[in-house]
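Numbers restart at 1 for each chain; the letters A, B, ... are given by sequence-line order, proteins then strands. Keep in mind that this is a model prediction, so the values were computed, not measured.
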Amino acid sequence: MRQMLLNIYFYLLEEYGPQGWWPLVDYNGCNPTKTGTVSGYHPGNYDIPKTRDQIFEIGLGAILTQNTGWPQVEKVLKTLQRKNCLNPERILDMDNETLIENIKPAGYFNQKARKVKIFTEYFINLAQDKIPTREELLALWGVGPETADSMLLYGLKVPTFVVDAYTRRILSNLGIINEKYTYDGIKDLFEKNLPQDLIIYQEYHALIVEHAKRFYYKGADYKKCPLLQRVEL
DNA sequence: AACCAGGACGTGA
DNA sequence: TCACGTCATGGT
């Protein structure tokens, strides 16, 4: 298992290169070869995020991207940035109507506005340099396992593995898991068979998303996935 | 012009 | 627990 997961990782890394997640709107670099993205990625730079506002931006984006494509989230983030509202204080001050209006392009705007407010209040009241636990994040209404793990892995640099629908789809197609694996079961599979390394975890999840966008979109023929030939069962 | 996206929550069995 | 229904815009 360990060797198989490593094989997949290095194949994806060789194929697509470092992904530079999590994207930040105020980062000027970009990777134009990436599918369906506009800007904000910072491949090879693992020092990001540096500021408190950038950490907040990642948490915000993690909520906004729930079941939603990144380009639509980016639109929202850029709007907030243009209004100088891409920080927890201004978001908390914003009246709900305005916040809802700003979030609209990302969909589920009523729910997401509420989620954002709850997260923002939590973030502001968080003691400086205090790193929240996974359980604390999960206790917030609107923060589920993938959102919590994304915040930890990309925003707070905690080596915790992020699982998403694509991860499940790929592992299932490769015959590594069956349908009844839970989120935490899949997470454990990676964490128990990979070195506990921040960069590997960050890249692995991002690479899975990049690969899945090409071979595992809805309606795709999963048999065309090149991993099927690279990985022995 | 349907169909779907880097999920999470509420509900009833 | 679990299997559904709900939330919603905009891109392809």
How many Å lie between [atom1] on [X] and [atom2] on [N], as a whole number?
X        : N      : atom1 : atom2 : result
A:His211 : B:dG6  : NE2   : P     : 15 Å
A:Leu64  : B:dA5  : CG    : C1'   : 14 Å
A:Tyr216 : B:dC4  : OH    : C1'   : 19 Å
A:Lys218 : C:dT12 : NZ    : C1'   : 16 Å
A:Glu210 : B:dA5  : CD    : P     : 16 Å
A:Tyr183 : C:dT1  : OH    : P     : 19 Å
A:Tyr204 : B:dG6  : OH    : C1'   : 17 Å
A:Lys213 : B:dC4  : NZ    : P     : 17 Å

**Prompt:** With a non-hydrogen cut-off below 4.0 angstrom, is A:Ser150 in contact with a base, only sugar-phosphate, or nothing?
**Reply:** nothing
**Prompt:** Which part of the nucleic acid does A:Ile100 contact within heavy-atom distance under 4.0 Å: base, sugar-phosphate only, or nothing?
**Reply:** nothing
**Message:** Less than 4.0 angstrom from a charged side-chain N to a carboxylate O is my criterion; do A:Glu210 and A:Lys213 meet it?
**Reply:** no
**Request:** Taking atom OH of A:Tyr217 as the centre, report whether more than 12 heavy atoms of other residues, nucleotides or ligands fall under 6.0 Å from it.
**Result:** no
**Message:** How would you summarise protein contacts on nucleotides 3-10 of chain C per nucleotide, using B for base, S for sugar-phosphate only and - for none, with heavy-atom distances below 4.0 Å?
**Reply:** ----BBBB
Which value, in whole Å, describes the distance between the [atom1] atoms of nucleotides [N] and [M]?
N      : M      : atom1 : value
B:dA1  : C:dG10 : C1'   : 13 Å
B:dC4  : C:dC7  : C1'   : 14 Å
B:dG10 : C:dT9  : C1'   : 22 Å
C:dA8  : B:dA2  : C1'   : 15 Å

**Message:** Judged by each residue's nearest nucleotide on DNA chain B, which is more toward the 5′ side, A:Arg169 or A:Val143?
**Reply:** A:Arg169
**Request:** Can you check whether any acceptor in the base of B:dG6 is under 3.5 Å from a donor in the side chain of A:Tyr217, or vice versa?
**Result:** no
Do the ring planes of [X] and [Y] sit parallel (below 30°), tilted (30 to 60°) or perpendicular (above 60°)?
X        : Y        : result
A:Phe190 : A:Tyr204 : perpendicular
A:His205 : A:Tyr154 : tilted
A:Trp70  : A:Trp22  : perpendicular

**Request:** Please name all residues satisfying side-chain contact (heavy atoms from CB on, under 4.5 Å) with A:Lys130, sequence neighbours left out, ordered by chain then number.
**Result:** A:Leu126, A:Ala127, A:Glu136
**Cationic tip of A:Lys187 above A:Phe161 ring, under 6.0 Å, 45° of axis** = no
**B:dG10 OP1/OP2 closer than 4.0 Å to side-chain N/O of A:Trp141** = yes
